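To start, the structure itself, in structure tokens.
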Amino acid sequence: MPRIDRVRVDYMPGPAAVEALQAAQGLFPNSNTQALIDRLVITGLSALVHGHWKPPPLYGRNRDAWKLPADLRPRPGEAA
């Protein structure tokens with residue numbers, strides 16, 4: 001049963017975001033999709049604000065054209 005005091009955010013992720021979510025599922029196999037999204041959003045914001053890390057280049061507004069950086073993709077033969 002959903003909690004009525006929570007904000008609901010519906011979105012349609014672009015292909016790179018779906019690929020990132022699938023990679024995260026491989027890292028955290030016991031987490032449900034919503035927990036993974038929460039983890040990725042909080043971690044991403046923290047990384048951007050604290051400046052320990054350089055974000056991948058996601059140019060323009062066309063999310064369908066964004067690509068997951070090669071160093072974040074599973075290598076051939078590895079499980080996602």
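Along the sequence shown, residues are numbered consecutively beginning with 1. Model, not experiment: these values are computed from the prediction.
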Listed partners of P15 passing side chain to side chain contact (heavy atoms under 4.5 Å, CB included), at least two apart: D64
Between A24 and L36, which heavy-atom pair has the shortest distance, and what is it? O-CD2, 3.8 Å
Testing I42, I37, T43 for side-chain contact (heavy atoms from CB on, under 4.5 Å) with R39, which one passes? T43
My understanding is that a hydrophobic cluster links ILVMFWY residues whose side chain heavy atoms are under 4.5 Å apart, including indirect links. Using that, what else belongs to the cluster containing L45? V49
How long is the gap from CD on Q22 to CG on L27, to the nearest 0.5 Å? 12.5 Å
Linking I/L/V/M/F/W/Y whenever any side-chain heavy atoms sit under 4.5 Å apart, do L40 and Y11 land together? yes
Minimum heavy-atom separation for Y59 to W66, with atom names? O-NE1, 3.0 Å
Calculate, to the nearest 0.5 Å, the distance between atoms CG and CD belonging to N32 and Q25 respectively. 9.5 Å
Do V41 and V18 share a hydrophobic cluster (ILVMFWY, side-chain heavy atoms under 4.5 Å, transitive)? no
Where is the tightest heavy-atom contact between S31 and A35, given as atom of each residue plus distance? CB-CB, 4.2 Å
Starting from M12, walk the hydrophobic network (Ile, Leu, Val, Met, Phe, Trp, Tyr; side-chain heavy atoms closer than 4.5 Å) and list everyone else you reach, by chain and number. none
